[in-house]
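A note on names: the letters A, B, ... follow the listed sequences, proteins ahead of strands, and every chain is numbered from 1.
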2 protein chains.
Amino acid sequence: MRAAVEAFAERGFHATTTRDIASRAGMSPAALYIHYRTKEELLYRISLVGHERSVRILTEAAEGPGGPVERLTAAVTSFVRWHAERHTTARVVQYELSALAEEHLAEISALRRRTGEIMRGILAEGVAAGQFEIPHIRSTARAILSLCIDVSRWFDPSGPDGPDVLAARYAALVLRMAGAGGGAEAGGAPAGTVTGSSG
Amino acid sequence: MRAAVEAFAERGFHATTTRDIASRAGMSPAALYIHYRTKEELLYRISLVGHERSVRILTEAAEGPGGPVERLTAAVTSFVRWHAERHTTARVVQYELSALAEEHLAEISALRRRTGEIMRGILAEGVAAGQFEIPHIRSTARAILSLCIDVSRWFDPSGPDGPDVLAARYAALVLRMAGAGGGAEAGGAPAGTVTGSSG
DNA sequence: GTCTATATGGAGATAGAC
DNA sequence: GTCTATCTCCATATAGAC
């Protein structure tokens, strides 16, 4: 499975051969079929684990300590960090959906809808508490998730910023998108500044 | 070429067969090879045209009328609109880079670097003019472009929001990311509100 | 559970007539 | 510039010994 993740991430699902996966795993091509019935099932397993992880990350943030600001910060921080640290896996999880069989895609799509719901929940909570100012929750939630997901497309581990730095910067950007920061410190305050306590 | 764009967008480059492209174009498979030497060259042409268009869109916005706020708004609006309206093409342009031959990828990469430079220029101009407040220009520019590009991945023409509505919402989000809006109207003002005149 | 060997199908690309 | 017919290669997946 690790070999398949690497190969799919490098070349894409369709450009990857079962021979490539097998040789990375130190096996013969035939040995793969003991563990997975088809190449697509291998992709499905990878995709399922990754999507379950995404839902878990966001759920833990959404139910975590603190108020909406802390929860949104936690959600973006850990979601971005995962997409950066595990950009290889994430790339397969996020960009190879069209290669899934129909019934597998349906199952995965349900998990993806769940991530949208969780993000909208965090934003709505913040608006209700008067801590966010968001003209259109649905679009904003989608934009935030889009921003996080796309990290896996361009992230380069040899680049200047590591996952933690990137995650912090993105969390600050997202707080701005959500109109957080109260009415007092706008414009002048550093984007990293966060109101509220706890952690 | 239009047939190839459609096929690549639907299935991905590697999953698309030359027979599929040919039949969409109402040709025999052999006829393709009169116009393009290989399937990869077809992708390269599509990618090149798309990237040149991206650079042109951003350049026109960056050199357009008004100040930094108007220019950033114009850049995001037209860039997002293109990724939504032409999401089929954009998907191929943005997500099939790994299928390009080495020398073609090098040429395309130069154009992609150019888009980053243009966006950083707009942001730097705004910071210098005191109209943007941006802790880290490079990351912010990359995030803004990432946000726009990723539109082509998820955009659904049958969804509730058309390209124009989406573009306007994204422009408003991006102004927030840039810390625009002066120091006066923070928190309370609708995200669509823009300071500055001209147009 | 792994191997070697292979069945089977379909891919990209070309030949040569028109 | 387009066609039909086809070459050649390599893909996924299986068979059967160990």
Would you mind reading off the distance between [X] atom [atom1] and [N] atom [atom2], rounded to a whole angstrom?
X       : N      : atom1 : atom2 : value
B:Leu32 : D:dG1  : CG    : P     : 14 Å
A:Glu40 : D:dA11 : CD    : C1'   : 17 Å
A:Glu41 : D:dA13 : CD    : P     : 10 Å
B:Arg11 : C:dA11 : CZ    : C1'   : 14 Å
B:Tyr33 : C:dG16 : OH    : C1'   : 17 Å
A:Tyr36 : D:dT14 : OH    : P     : 17 Å
A:Asp20 : D:dA11 : CG    : P     : 9 Å

When you measure from the side chain of [X], which nucleotide among [options] comes out closest?
X       : options               : result
B:His35 : C:dA15, C:dG12, D:dT2 : D:dT2
A:Thr17 : D:dC3, C:dA13, D:dA11 : D:dA11
A:Thr38 : D:dA5, D:dA13, D:dG1  : D:dA13
A:Lys39 : D:dA13, C:dG12, C:dC3 : D:dA13
B:Thr18 : C:dG12, D:dG1, C:dT2  : C:dG12
B:Ile34 : C:dT2, D:dA13, D:dT2  : D:dT2

Check: C:dG12 base within 3.5 Å donor-acceptor of B:Arg19 side chain: yes
Sugar-phosphate, base or nothing in reach of A:Ala30, heavy atoms under 4.0 Å: base
Any B:Gln94 side-chain heavy atom under 4.5 Å of B:Arg112 side chain: yes
Within-4.5 Å side-chain heavy-atom neighbours: B:His83 and B:Ile149: yes
Upstream residue (5' side of DNA chain D) when A:Pro29 and B:Met27 are each assigned their closest nucleotide: B:Met27
Electrostatic pair A:Glu41-A:Arg45, nearest N-O below 4.0 angstrom: yes
B:Arg56 with B:Glu60: basic N within carboxylate O range, under 4.0 Å: no
Whether B:Arg71 side chain and B:Gly64 backbone form a donor-acceptor pair below 3.5 Å: yes
